[in-house]
Amino acid sequence: MIPFIHKPFELLAGTIGASPDELKLIFSFLLSYPLAGLLKRVPDARPEYKNAFIIACSLFYLVGLFDLWDGLRTLVIAAGGTYGLAYYLRGSPYMPWLGFVFLMGHMAVNQLARQFANNPAAVDITGAQMVLVMKLSAFCWNVADGALPEDHLSDFQKTRRIVRLPGLLDYAGYVLFFPSLMAGPSFDYNEYKGWIDCTMFDVPTTVDPSKKPPTRKKRKIPRSGTPAMWKLGGGLVWILAFLNFSRWFDWAFMLDDKFLTYSFLRRVFYVHMVGFTARLKYYGVWTLTEGACILAGLGYKGIDPVTGKVSWDRLQNINPWGVETAQNSRAYLENWNMNTNKWLRYYIYLRVTPRNKKPGFRASLATFTTSAFWHGFYPGYYLTFVLASFVQTAAKHYRRNIRPFFLDPVTQNPLPSKRYYDIASWFATQAIFSFVVAPFVILDFADSFTVWSRVYFYAVVATGASLAFFSSPGKQWLRARQEQRTKDAGVKLVRNLSTESLVASGTSRPPILGLSQDPIRDVNEMVDEIRAEVERVKREGPRRRAGSASANIGEIVEKAKQQVIEARKNA
């Protein structure tokens, strides 16, 4: 640590109420803005200077600001081990899996060390390592894709494949990109390569030259100061809101006996506000880091050929409005930790599925396990993940079996009454997920269970009752009503987003943040496959025994023949 750098944060911590490490973390996010501005001004033709600047800034954060010498060693081990595997085992189909196991196992050690230390106010390397696991496991798959024929790759894989391993300087710059070092967002190596050599900013020939985005002097990176400043302002608002709301809504109060004096509705509201307060911190952190990436130019996603408007949401990780106004579980989760969801989909869910095969329960189980393992080992995480999976299943049933009654059966346009459905679904989604995510904030199993009991397990009861109803004749009754309704309108019932469950063999949808869209279906599929395997073994058992007996008889006959031949020779 640089001498005397800790003292100002220690003094400020006593005034604000946050820990020195938390203030340092916010300071590092804010410092990334002027540093990103300087980085953007490094000449486009000197990528080695950009890499050197990135590495120097990250070393200052890790060692000069946080004194994380052990953390630096952790990142070097993870990055060095991954590069070594990619270099020496590039042609092996096992390389990406070995890299994944190495990275996840290495991170698990630090996750457990942090859990045993039990000091949530201290900043350690696990946050940066979680981001690095996503980047480096994706790097392994991108390298593996580079050795495959193009006709074996999806469009996504083609844009990410690494045909030639990067040099160590480029690789180190990718690993230590300082605007996203401590909290993300993550991105793939080819995105970094396109940014550092400026090929990312090549304007398609279809774009009118008069509509090309403005740049400074001869640089290719478009001006990004305005969208970056909007992100900076929004991030600071979220952080200030978090500091204020955390004084009013503290999860520890829910364990106090005074909490029991509140009415049931007030307790539910308090649980909701505790979850909202926790989300404010993530809104602030992820918005700030995204803004710094935009200022550096890495957030560039392209240009609209008609309007000439530049999109800067390549690395968007959070959509607060989408989360807070979500009317169903899928929308709620899709707008949360968006880059992690992409990683789980493209580098776990689709990778465990054999080529040209439909993802099944194995893919869902692998994605769920990875997501849970990646977050850590606090029991609260697993309470949230398991319950959220069943909530998703219940929500899907409501959307497919109740929502169509609020749509015109002919045009499928919303009826005037749909506004009431929207309000009710928004309220239910927010109230249910406030309950679901409470253990994610509390972490401890016993404390989480206590808080759930103090609001009478309302989400568990509602989810269980819903699943029971949709497993009863009530579901068939609703289907019959839908069919009669469309018949009366003179049209046939067609499959859409709301009625796709009426088709027996619906397409599989990837889990969101590792949470299966239908855990009950996955369990049933697993049971059916196990039963089929047992039946196959039973059928083949007698055949194998008969074949083995025939082989033994054949061996005996052959030996007898040999003995006869030998006897004749001796005679």
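Values below: every heavy atom of this structure, side chains too, minus hydrogens, waters and symmetry copies. All residue numbers in this chain count up from 1 along the given sequence.
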**Asked** Got Lys24 and Ser28 here, is their nearest side-chain heavy-atom distance under 4.5 Å?
**Response** no

**Message:** If you count heavy atoms of other groups shown closer than 6.0 angstrom to OH of Tyr282, is the number above 12?
**Reply:** no

**Message:** Could you work out, with side-chain hydrogen bond (donor to acceptor under 3.5 Å, both in side chains) as the rule, every residue matching Asp250, not counting sequence neighbours?
**Reply:** none

**Prompt:** Side chains of Thr450 and Ile442: does their closest heavy-atom pair fall under 4.5 Å?
**Reply:** no

**Message:** Taking side-chain hydrogen bond (donor to acceptor under 3.5 Å, both in side chains) as the criterion, tell me which of Thr325, Asn319, Asn341 meets it with Asn335.
**Reply:** Asn319

**Request:** To the nearest 0.5 Å, tell me how far Asn118 CG sits from Gln115 CD.
**Result:** 8.5 Å

**Item:** Under 3.5 Å: donor-acceptor pair, side chain of Thr393, backbone of Ser389
**Value:** yes

**Request:** Using side chain to side chain contact (heavy atoms under 4.5 Å, CB included) as the criterion, point out the one residue from His397, Lys396, Arg403 that pairs with Arg399.
**Result:** Arg403

**Message:** Using the side-chain hydrogen bond (donor to acceptor under 3.5 Å, both in side chains) criterion, which residues pair with Asn413? Sequence neighbours excluded.
**Reply:** Thr411

**Asked** Is Asn110 reaching over with its side chain to a backbone N or O of Thr126, donor-acceptor style, under 3.5 angstrom?
**Response** no

**Asked** Could you give the distance from CH2 (Trp312) to NZ (Lys301), rounded to the nearest 0.5 Å?
**Response** 13.5 Å

**Asked** How are the rings of Phe249 and Phe245 set relative to one another: parallel (under 30°), tilted (30 to 60°) or perpendicular (over 60°)?
**Response** parallel

**Request:** Check Ala183 against Val285 and note the closest heavy-atom contact, atom names and distance.
**Result:** CB-CG1, 3.6 Å

**Asked** What about Tyr382 and Tyr378, are their ring centers closer than 6.0 Å?
**Response** no

**Message:** To the closest 0.5 Å, what do you measure between CG (Asp256) and NZ (Lys258)?
**Reply:** 8.0 Å

**Prompt:** Is there side-chain contact between Phe469 and Lys475, with heavy atoms separated by less than 4.5 Å?
**Reply:** no

**Prompt:** So does Phe253 have more than 12 non-hydrogen atoms from other groups sitting under 6.0 Å from CZ?
**Reply:** yes

**Complete:** Separation between CZ (Arg351) and OH (Tyr346), nearest 0.5 Å, reads 11.0 Å

**Prompt:** Which distance, rounded to the nearest 0.5 Å, do you find between the CD1 of Ile432 and the OH of Tyr458?
**Reply:** 6.0 Å

**Message:** Distance alone, cut at 3.5 Å: any donor-acceptor contact between the side chains of Trp248 and Thr277?
**Reply:** no

**Request:** Apply side-chain hydrogen bond (donor to acceptor under 3.5 Å, both in side chains) to Tyr398 and list each qualifying residue two or more places apart in sequence or on a separate chain.
**Result:** Ser466

**Item:** Val461 vs Tyr456, side-chain contact (heavy atoms from CB on, under 4.5 Å): CA-CA, chis, key distance, verdict
**Value:** CA-CA 8 Å; Val461 173; Tyr456 307 121; over 6 Å; no

**Message:** Classify the ring geometry of Phe449 against Phe445: parallel below 30°, tilted from 30° to 60°, perpendicular beyond 60°.
**Reply:** parallel

**Asked** How close do Asn401 and Arg479 get, heavy atom to heavy atom, and via which atoms?
**Response** OD1-CG, 4.2 Å

**Message:** Can a donor-acceptor pair be found, under 3.5 Å and without considering hydrogens, that links the side chain of Arg485 to the backbone of Pro404?
**Reply:** yes

**Asked** Sequence neighbours excluded, which residues qualify as salt bridge (charged side-chain N to carboxylate O under 4.0 Å, His left out) partners of Arg279?
**Response** Glu324

**Item:** Beyond-backbone contact of Phe9 with Leu65, side-chain heavy atoms, under 4.5 angstrom
**Value:** yes

**Message:** Could you work out, with salt bridge (charged side-chain N to carboxylate O under 4.0 Å, His left out) as the rule, every residue matching Arg266, not counting sequence neighbours?
**Reply:** none

**Prompt:** Which atom pair, heavy atoms only, marks the closest approach of Ala228 to Ile294?
**Reply:** N-CG2, 4.0 Å

**Asked** Is the backbone N or O of Ala366 less than 3.5 Å from a side-chain atom of Thr369, with the two atoms forming a donor-acceptor pair by type?
**Response** no

**Request:** Mind telling me whether Phe385 and Phe368 have parallel, tilted or perpendicular rings, with 30° and 60° as the class edges?
**Result:** perpendicular

**Prompt:** Can you check whether Tyr349 reaches Ser364 side chain to side chain, under 4.5 Å on heavy atoms?
**Reply:** yes

**Message:** Ignoring hydrogens, what is the shortest heavy-atom contact between Val391 and Val436? Give both atom names and the distance.
**Reply:** CG2-CG2, 3.9 Å

**Set of residues satisfying side-chain hydrogen bond (donor to acceptor under 3.5 Å, both in side chains) with respect to Tyr347, sequence neighbours excluded** = Asn142, Asp188

**Message:** Closer than 3.5 angstrom, by distance alone: can the side chain of Asn244 be matched with the main-chain N or O of Leu240 as a donor-acceptor pair?
**Reply:** yes

**Message:** Strictly below 4.0 Å, N to O, side chains only: are Arg73 and Asp70 in salt-bridge contact?
**Reply:** yes

**Prompt:** With a 4.5 Å limit on heavy-atom distance, are the side chains of Pro409 and Thr486 in contact?
**Reply:** yes

**Request:** Kindly indicate whether the side chain of Trp336, heavy atoms from C-beta on, has any atom under 4.5 Å from the side chain of Val437.
**Result:** no

**Prompt:** Counting only heavy atoms not in Phe156, do more than 12 sit closer than 6.0 Å to its CZ atom?
**Reply:** yes

**Complete:** In this structure, CH2 of Trp97 is separated from OG of Ser137 (nearest 0.5 Å) by 10.5 Å

**Message:** Please check this pair: side chain of Gln430 against backbone of Val323, looking for a donor-acceptor N/O pair closer than 3.5 Å.
**Reply:** yes

**Item:** side-chain contact (heavy atoms from CB on, under 4.5 Å) between Val131 and Asn339, worked out
**Value:** CA-CA 10 Å; Val131 177; Asn339 284 299; over 6 Å; no

**Short side-chain to backbone donor-acceptor contact, Ser329 and Ala395, under 3.5 Å** = no

**Item:** Check against side-chain contact (heavy atoms from CB on, under 4.5 Å), Phe177 and Leu298
**Value:** CA-CA 10 Å; Phe177 188 69; Leu298 190 56; 3.6 Å; yes

**Prompt:** If we only count heavy atoms from C-beta on, is the Leu232 to Leu30 side-chain gap below 4.5 Å?
**Reply:** yes

**Prompt:** Taking atom CH2 of Trp426 as the centre, does the number of heavy atoms from other residues, nucleotides or ligands within less than 6.0 Å exceed 12?
**Reply:** no

**Request:** Spell out, as yes or no, whether a donor-acceptor pair under 3.5 Å connects the side chain of Trp374 to the backbone of Met130.
**Result:** yes

**Asked** For the residue pair Gly99 and Cys140, what are the closest heavy atoms and their distance?
**Response** CA-SG, 4.1 Å

**Message:** Quick check against the 3.5 Å criterion: does Thr287 have a side-chain atom that pairs as donor or acceptor with the backbone of Gly284?
**Reply:** no

**Expected output: side-chain Asp444 to main-chain Asp447 donor-acceptor under 3.5 Å** = yes

**Request:** Please assess Gln111 against Gln129 for the test side-chain contact (heavy atoms from CB on, under 4.5 Å), listing each intermediate value before the final yes or no.
**Result:** CA-CA 10 Å; Gln111 294 276 31; Gln129 194 175 10; over 6 Å; no

**Request:** Mark yes when over 12 heavy atoms from residues, nucleotides or ligands other than Phe427 sit less than 6.0 Å from its CZ; otherwise mark no.
**Result:** no

**Fill in**
Closest heavy-atom pair, Asn317 versus Glu290, reported as atoms and distance to 0.1 Å, is N-OE1, 4.2 Å

